[in-house]
Structure formats: C-alpha cells, structure tokens
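Shown next, in structure tokens, is the structure this report addresses.
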Amino acid sequence: MNPYLILPLFALFINLWLFTYVLALKGKHRVVHLYLFYSAALSLWIISIILYWSFLPFHWMTWIFKISSISWLLVGPLFLEFVFAFLSKNPNIVLYLLRGLALAIFPITLTTDWIIAGVERKYWGDMLIQGPLYVYGINLLTVSPPVYAIFLLIFESRKEEIGFRKQCYLLAFGTFLSSVLGFLTTVLPRILSEGDLHYPPLSGSVTVIQSACVFIAIAKYGFLEIRLEKIALQLYAKLREGVILLSASDDLLYWNESAKEMLGFPKITATPEKLDLGKFLEGFTRRPFSRMDFKRKFSETKKISSEEDILPSSDSVYLEVSKSEIPISGRDLGRVYVLRDITEKKEASERINMLYSRVIRDLDIAREVQNTITTRDFPSSDKFKIFSYFRPYDRVGGDVLNCSESSDGSLEILFADVSGHGISSAMVAAMASISFNVFSRKGNKPKEGLLFTNDLLSSVVTQHFISAVFLKYNPNTRILEYSYAGHHAGLLLRDGQTLDLQGKGGVLLAVGTPILEDFQIQLKPGDRVLLYSDGLFEVRGSKGIPMGNTTLVEAVKKLSYQDSDSLIRSLVSYSESFGDGIMTDDLTLFCIEITG
C-alpha cells in the first residue's frame, strides 16, 4: 500500500464523519443544506486524490483526472455560497460568475488539453500535467473564492453580536489556513517549477481543516440543532414555572429547581426515581385533565407582619398544574406537568371575596336604611288613595319618594331622582329625604321646600344633581300645589284623557340658586296624578333605541282604563318588555287617586 494514501484517507474519514453526523441530524436550515453540498464535493475531491495516488493503470489516469476535475472546480463556489447563507446575505454577481465559470470550464477540461494536458507518474502517485489555462482556472475557482469569503466573514461580521462574530472568525481562520497550505503545496510550486511538483500536493486533503471549522461554526451557533435536548433542559431549568417530566409508570425523567421548590422538596434530599404528585398535592388525580388548581400538602408557613393588614393571609400554597402527554421514545408516552404558584392569586381572590361580602353586607344595611326613609305606608283617607312602586337599580338607588301628613290633613310629597345610581346616589337621596323631613309640616310652599333642599345640600354634594317634584295636596279643597325642579312633567288622568301636569323649573344642585315656580291645579273626584322616574322610559330596545317619554305617555293613554294599582304594574311590565328585561336606572312610580 502507498503510505502517502494515509493523509487523504484520514482527511476523507474526517470529512465523511462530519457529513454523516450532520446528515443524521436532519437539520432543515439552508446553511446546513449548503454545508452538505460543499462537504459532498470535498469528499469527491479527496476520493479523486486517493485514486490519483493508487497507481491505477496509467492509461486510465488522464480521463480520471479530467472527469474528477468537477469536484475541485465546484468546491470554491459552493463554499462561497455557504458563506453568503451563513451571513444571511443575498448572493451577488461574483458568486453567479464563479458558478458559471465552473460549469463552463468542466466541458473545456473534458474536450481539450487547455486545463489538463496529460499525466505524469511520481513516487507518491500520479500527477496531472497542467495545460496553458490550468493555473488561471485553479486560481480563479479554487483560490479566489476562499479569499473573497475571508473578506466577507471579517467585514460583514463587524456589527454582529460577539457569539456570531467568533464563529465568523473561526471560519475565516480555517479557510485561510487550508488555502495557504493548499497554495504553498500545489499552486506555488507549479508556478516556480514551471508546472512540475517534487512533493505530494496537499490542496485537497488540507481543505478538510476548512470543513471542520465550518462544522464547528454551524454547530456552535445552533444551525444544526445539536444538543437540542440539553438546550431545552437548560431553558426549562431557568423558567420560573415548575417543569416535571414523568414516564407512564411515574419514573422521574426530569424536573427543574422551580418544581422542587414549589412541591416543597428538600434540597438536601436525593432526587427520587419515581414521583407521585398525589403525595405533594391535595386532591391530585391521575385522570386526564388539561389544567387544575391544587393545594400543596406540606406548605411552609408564610407570615405577613403588618399591623395595617386587616384581612388575614393564608399559610397554604396553591399550584396551578397544566398536564400534557408527550412522546418520549418510540411509542412510549410520558407526561409533562407545568406548575405555577398561584398562592398570591388565591389569597387576593379570597380577600376580594371577603371585601365583597363586607360591601354587600354594608349595602344591605344601606338598603334597610333607605327603606326606612322611603315612604311605603302612606296615609289613608276616604278622600284619596295612594299607590307606589319602588325598585332600585342596584341594592340601593338614587330615587326619593317621601310623603308626610300635616295636622290639618294636607299631604306633602317629595318625588326626586338623583343623577347616577349606586351608593353615592343613595347617600344623596338619603340626605334629600332627611331634608324633606326637616322642612315638611311647616305649611310652606312647594317651591320653598325645593330651595331649602338645594341650599342645605349644595355645600356637601358636588358630583350629583337632583331632579324633583314637590307636591302639596289639601284634601278638603282638592287643590294640588306643586313645583318642578328639572323633572319631567307628571301626568293627570281625567275623564279618560291623559294630560301633562304643566310646569317647569331648574335642576337642584346644578347652579347656585335654581329658578323655580309654584303651580296649582283644582282636582276633582276621579282624577289621578301619576309621577314616575326616568328609569321607566330610558330602557333600550333590541336595536339599542331608547323608549323615550313620548312612547311611555302613549302607553299610559292606552292603559289608563285600568285601576291605579294595575296601571302601575302594567307600565312596569311594558318597560321591562321593551328593554328585554334589562333596566338601566332606578325605577319609582307614584299615583294619587282622588276619591272624594
């Protein structure tokens, strides 16, 4: 055996090992594909060198040299194309020219003696006799691509991050080293010795240095997805979420530090071979689930030392567990669990529920208070009857209905609507009701009662205003005195007709002193006066169109034949039906019917 074959055989072994390793990884990146093409061409070149140095029949060698020239003609352009892809650059005119020249020179090599003129046998094997264009062709297609590639790798990587820049420098170094060794042992001696060689050419064999550097560069920068499992495990180890991987038989394949901490697993204890999550989590089940919450059994006590914290904190630890099946190997399936500590979320939810319960309890108390200051039991007389309906939008509301009877039998009634609804409106409504209780039974005019309320509340109420009607009815004379404060007109139902109770006035608390007037009307037996809050006609239909007061008045006209109690209930039902059962504000109705 020719001892000089050791060098190309070793180079071929290294290159084929790298080629097979990358091919087995099945990387889909374009950089990987181009490396495989380049490595395949390099392997063909080295195989050609092995054939050159195997002392085959001499008359075969000229054609073997010519046919195998395609390998070294393509190595340079293929490596340059790889460099463009590695740098994420689009190929330029230089690469296209080199590709075309390689494909054009190969048929010239086969059909003429311009590149390979013949073969000469040396002590290490056979050596080609160069034609007149050999040196130009090898310099152009074998030497110039690496030189240009080195320039690109160094120049284009200057602004890249340090990790990528290091791989570019490694590629440039490997390319420079293999190119220099190849040039010194193959091209330069031919130039100096007029085409003759006295030592074995190493251009093909030393190119494996370049191939090895390419392999290291793409491997370290992740193009090959080498050590993907290790990278994934490193990633999982740094996650705040706990990650646990179990086999179908509960063998512990992997868990990260977060999972150990969340389960309360002692750090000094050795990792168990099997892991039963039921020993750590209350109510844990092996039945299929995608995500569930569990309480940890052996939780470390958590203390909150804050004198200002009026709500107790829990010492329990709660974990949200997500579960999914995952293939491990072959047909074996494992289970991956992702754990998230939701203790703070649970504690916050419990505190919110506790605060909500307190608010609801306070609202219930406020509702009871509002019920006590809202007249439900009206005075009874053979001269009039009173009917009413009161329903707040929430547990408490901003409507006011208060009625009192003086010693002479006269009635004073405050019907008011505070802007908005909820607790703040209910507070203003309560103050307005208390103001009415202070003012009533003094025999003053309705206008004065409204102004008294405005003056009393204007200094403390800044975010609300009140629309109201103050009525004063004398059953002996059947005279109804009233004053409006921004409220829509009440209705007078008389002899089958529905008439507006005429009058108007400024809203309370909107300006310093509203402009108000007193009005009066002589009532007669059979008359009914109907007042209602705007919650009755502000409901919206299925298309979002509000009912409006005009539509409601038309409904009152059609329903006015009913008795007063039935009329009120029919109007409430009509409003609910129009709004599909969705009310938008407090709802209050009041009706006084003259009977004698």
Side-chain angles (χ1 to χ4, degrees), residues 11 15 18 22 29-42 45 69-105 133-192 201-224:
N15 197 65
L18 297 176
V22 174
H29 200 280
R30 182 168 180 267
V31 169
V32 176
H33 292 166
L34 290 175
Y35 167 77
L36 291 175
F37 283 125
Y38 158 77
S39 183
L42 182 58
W45 189 5
S69 64
I70 188 64
S71 60
W72 57 262
L73 288 173
L74 290 177
V75 164
L78 286 174
F79 175 72
L80 184 59
E81 186 171 1
F82 163 82
V83 170
F84 273 100
F86 188 83
L87 295 172
S88 300
K89 283 179 60 65
N90 294 323
N92 57 19
I93 188 65
V94 176
L95 177 60
Y96 293 125
L97 287 174
L98 292 174
R99 284 178 182 172
L101 285 173
L103 296 176
I105 290 177
L133 300 181
Y134 173 81
V135 173
Y136 301 102
I138 199 169
N139 284 334
L140 190 61
L141 296 175
T142 306
V143 177
S144 62
V147 173
Y148 184 48
I150 292 172
F151 168 79
L152 289 176
L153 289 168
I154 295 175
F155 181 81
E156 295 292 338
S157 65
R158 292 180 303 169
K159 298 181 181 180
E160 300 290 342
E161 54 95 9
I162 185 63
F164 182 77
R165 193 160 64 246
K166 286 182 178 180
Q167 309 315 317
C168 291
Y169 291 162
L170 176 65
L171 272 176
F173 171 77
T175 303
F176 174 79
L177 183 60
S178 60
S179 298
V180 168
L181 290 176
F183 182 82
L184 293 178
T185 61
T186 304
V187 179
L188 185 60
R190 288 183 179 275
I191 296 174
L192 298 177
L202 302 179
S203 56
S205 301
V206 296
T207 310
V208 75
I209 299 174
Q210 182 187 56
S211 179
C213 291
V214 171
F215 172 83
I216 295 172
I218 62 176
K220 284 186 174 294
Y221 205 67
F223 287 107
L224 298 181

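Note that the structure is predicted; figures quoted are calculated from it, not measured.
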Would you check if Pro145 and Phe79 make a side-chain contact, meaning some heavy-atom pair closer than 4.5 Å?
no

Using atom types as modelled and distance alone, determine if a side-chain donor or acceptor of Ser178 lies under 3.5 Å from a backbone N or O of Gly174.
yes

How far does CH2 of Trp45 sit from OG of Ser69, to the nearest 0.5 angstrom?
11.5 Å

What distance do Leu74 atom CG and Leu141 atom CG have between them, rounded to the nearest 0.5 Å?
8.5 Å

When every non-hydrogen atom of Glu156 is compared with those of Glu160, the smallest separation belongs to O-CG, 4.0 Å

Using the rule given for side-chain contact (heavy atoms from CB on, under 4.5 Å), can you reason through Phe86 versus Gln167, listing the C-alpha separation, both sets of side-chain angles and the distance that settles it, and then say yes or no?
CA-CA 10 Å; Phe86 188 83; Gln167 309 315 317; 4.0 Å; yes

So does Asn15 get a backbone contact from the side chain of Ser211, meaning a donor-acceptor N/O pair under 3.5 Å?
no

Audit row: Leu181, Leu202, side-chain contact (heavy atoms from CB on, under 4.5 Å) steps and yes/no
CA-CA 7 Å; Leu181 290 176; Leu202 302 179; 5.9 Å; no

Interatomic spacing from CZ in Arg165 to NZ in Lys159 - rounded to 0.5 Å:
12.5 Å

Going by heavy atoms in the side chains, are Val208 and Leu18 under 4.5 Å from each other?
no

Value rounded to 0.5 Å, distance of CZ in Phe82 from CG in Leu171:
5.5 Å

How close do Leu170 and Ala217 get, counting heavy atoms only, and between which atoms?
CD2-N, 4.1 Å

Check whether more than 12 heavy atoms from other residues, nucleotides or ligands sit under 6.0 Å from atom CZ of Phe176, and answer yes or no.
no

Leu87 side chain reached by Leu153 side chain, heavy atoms, under 4.5 Å
yes

Angle class for the Tyr38/Tyr35 ring planes (parallel below 30°, perpendicular above 60°, tilted otherwise)?
tilted

Would Leu78 and Leu34 satisfy side-chain contact (heavy atoms from CB on, under 4.5 Å), going step by step from the backbone distance to the final call?
CA-CA 7 Å; Leu78 286 174; Leu34 290 175; 5.7 Å; no

Rounded at 0.5 Å granularity, tell me how far CD1 in Ile154 sits from CD1 in Ile150.
7.0 Å

Closest non-hydrogen atom pair, Val206 against Gly182
CG2-N, 3.9 Å

Keeping Asn139 on the side-chain end and Val135 on the backbone end, is there a donor-acceptor pair under 3.5 Å?
yes

What distance separates Ile138 CD1 from Leu133 CG, expressed to the nearest 0.5 Å?
13.0 Å

For atom CZ of Phe173, is the number of surrounding heavy atoms from other residues, nucleotides or ligands below 6.0 Å larger than 12?
no

Indicate yes or no for a side-chain donor-acceptor contact from Thr207 to the backbone of Ser203 under 3.5 Å, with no hydrogens or angles considered.
yes

Can you name the closest pair of heavy atoms from Ser205 and Ala11 and give their distance?
O-CB, 3.7 Å

Return the minimal non-hydrogen interatomic distance between Ala41 and Ser71, and the atom names on each side.
O-CB, 3.7 Å

